[in-house]
Amino acid sequence: MAIDSCENLPGQRGPADHERRTQILQVADELFRVHGYRKTSVTDIAKAIGVSSAYLYRFFDSKQAIGESVCALALSTMGEAIRAVAERDASATQRLRDMLHTLLSEGMRLFLKERCIHDIVVVSIENQWAVTEEHNNEIYEAIEKIVSDGRESGEFERKTPLDEVCMAIRVTAAAYAHPVLLNRLGNTEEMETKLAAVTNLILRSLAP
């Protein structure tokens with residue numbers, strides 16, 4: 001996701017394509033990664049850019065607004081990867097398996113290897129930021145596309161209501177895209193083993 005594709009998030013001000021907005025988000029992202037979201041202030045961001053805090057408020061009405069945009073950018077890589085799998089030219093069965101694996105690999109990259117990204121997403125979840133809900137919707141839509149395609153191709157059963165099936169898969173897969181839950185799944189090998197078991201169970205339940 002490009003920096004300026006976050007323009008519709010709440011708390012933003014001024015022209016969406018202003019180069020200063022891009023600079024603010026780039027600097028904020030760097031500071032959040034080094035110091036963490038909670039320990040970085042609007043003043044810190046302004047000083048790093050060489051402007052006043054008041055100037056930053058021309059573009060964002062709060063630190064949270066800046067944080068939401070940075071968080072959206074971080075989560076966008078996972079969303080893009082999931083959508084790419086959902087739209088791939090492959091069987092629905094293989095796409096569902098690949099999508100769940102992508103959730104795990106992207107979750108590990110974002111939340112375990114980059115701790116400050118982990119921190120800002122935790123803040124987002126705790127405070128129910130809009131960006132988190134949008135991210136959850138992206139994952140749900142990818143699941144819905146794959147399941148719908150599987151039903152049309154005859155790979156998956158059609159008796160259970162579609163929304164019930166998609167919600168069940170989304171809830172089951174939640175741990176692999178959640179910064180706190182992912183930490184509790186063990187090491188990489190254990191995560192892979194657990195994911196394989198969950199995926200096989202899901203696919204068996206979808207069989208016609």
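What you see below is based on every heavy atom in this structure, not just the backbone, and it leaves out hydrogens, waters and symmetry mates. Computed from a prediction, not measured in an experiment: that's the story for all the values here.
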Common cluster, Val121/Tyr140, ILVMFWY with side-chain heavy-atom separation under 4.5 Å = no
ask   = Once you round to the nearest 0.5 Å, how far does OG1 of Thr102 lie from CD1 of Ile139?
value = 11.0 Å
query = Judged by atom type as modelled, is there a donor-acceptor pair below 3.5 Å linking the side chain of Thr77 to the main-chain atoms of Ala74?
reply = yes
Value rounded to 0.5 Å, distance of CD1 in Ile143 from CE in Met99 = 4.0 Å
key: Pair Arg21, Ser69: side-chain N/O donor-acceptor within cut-off below 3.5 Å   = no
task = Please name the pair of heavy atoms, one in Arg170 and one in Asn136, separated by the smallest distance, quoted to 0.1 Å.
result = NH2-OD1, 2.8 Å
Residue pairs involving residues 120-130 (criterion salt bridge (charged side-chain N to carboxylate O under 4.0 Å, His left out); sequence neighbours excluded) = Arg38-Glu126
message = What verdict does the side-chain hydrogen bond (donor to acceptor under 3.5 Å, both in side chains) test give for Ser62 and Gln64, after you've listed the backbone C-alpha separation in whole Å, the side-chain angles of each residue and the deciding distance to 0.1 Å?
response = CA-CA 5 Å; Ser62 64; Gln64 177 179 322; 5.5 Å; no
remark   = Under a side-chain separation threshold of 4.5 Å, the hydrophobic residues clustered together with Leu201 are none
inquiry  = Any non-hydrogen side-chain atom of Lys194 less than 4.5 Å from a side-chain atom of Met191?
reply    = no
inquiry  = Measuring from atom CD of Gln26 to atom CG of Leu31, what distance do you get when rounded to the nearest 0.5 angstrom?
reply    = 12.0 Å
Please list every donor-acceptor pair under 3.5 Å in which a side-chain atom of residues 158-165 meets a protein atom from a residue at least two apart or in another chain.
from	atom 1	to	atom 2	distance (Å)
Arg158	NE	Arg151	O	2.8
Arg158	NH2	Arg151	O	2.7
Thr160	OG1	Glu157	OE2	2.8

Residues in side-chain contact (heavy atoms from CB on, under 4.5 Å) contact with Ala173, at least two apart in sequence or another chain = Leu100, Leu103
inquiry  = Would you compute the distance between atom OG of Ser41 and atom NE2 of His35 and round it to the nearest 0.5 angstrom?
reply    = 10.0 Å
query = Is a side-chain donor or acceptor of Thr132 paired with a backbone partner of Gln128 at a separation under 3.5 angstrom?
reply = no
remark   = Heavy-atom closest pair (Gly150 atom, Ala92 atom, distance to 0.1 Å) is CA-CB, 3.4 Å
remark   = Heavy-atom closest pair (Pro208 atom, Glu155 atom, distance to 0.1 Å) is CD-O, 3.0 Å
Atom pairs and distances, side-chain donor-acceptor, residues 46-53, under 3.5 Å, sequence neighbours left out:
from	atom 1	to	atom 2	distance (Å)
Ser52	OG	Tyr55	N	3.2
Ser53	OG	Thr43	OG1	3.4

Side chains of Phe59 and Ile66 in contact at under 4.5 Å (non-hydrogen atoms) = no
inquiry  = I'd like to know whether Ile169 forms a side-chain contact (heavy atoms from CB on, under 4.5 Å) with Ile146, so could you lay out the CA-CA distance, the side-chain angles of the two residues, the decisive distance to 0.1 Å, and finally the verdict.
reply    = CA-CA 11 Å; Ile169 296 173; Ile146 294 172; over 6 Å; no
query = Taking it one step at a time, do Asp149 and Phe156 satisfy side-chain contact (heavy atoms from CB on, under 4.5 Å)?
reply = CA-CA 9 Å; Asp149 289 349; Phe156 300 154; over 6 Å; no
ask   = Is the backbone of Thr40 close enough, under 3.5 Å, to the side chain of Lys63 for a donor and an acceptor to pair up by distance?
value = yes
query = Between Arg95 and Ala90, which heavy-atom pair has the shortest distance, and what is it?
reply = NE-O, 3.1 Å
request  = Keeping the roles fixed (side chain from Asp29, backbone from Leu25), state whether a donor-acceptor pair exists under 3.5 Å.
outcome  = no
inquiry  = Using the rule given for side-chain hydrogen bond (donor to acceptor under 3.5 Å, both in side chains), can you reason through Arg20 versus Gln23, listing the C-alpha separation, both sets of side-chain angles and the distance that settles it, and then say yes or no?
reply    = CA-CA 5 Å; Arg20 185 66 85 177; Gln23 183 184 25; 2.5 Å; yes
ask   = Which is it for Leu56 and Ile45 under the side-chain contact (heavy atoms from CB on, under 4.5 Å) test, yes or no, and what are the steps along the way?
value = CA-CA 9 Å; Leu56 262 62; Ile45 299 169; 3.6 Å; yes
inquiry  = Walk me through whether Thr199 and His101 qualify under side-chain contact (heavy atoms from CB on, under 4.5 Å).
reply    = CA-CA 9 Å; Thr199 302; His101 188 271; over 6 Å; no
task = Work out which heavy atom in Gly67 is nearest to a heavy atom in Phe32; give both atom names and the distance.
result = CA-CE1, 4.0 Å
message = Once salt bridge (charged side-chain N to carboxylate O under 4.0 Å, His left out) is applied, what residue pairs with a partner in residues 81-91 remain, sequence neighbours excluded?
response = Arg83-Glu138, Arg88-Asp98
key: Carboxylate-amine/guanidinium contact Glu30 Arg33, below 4.0 Å   = no
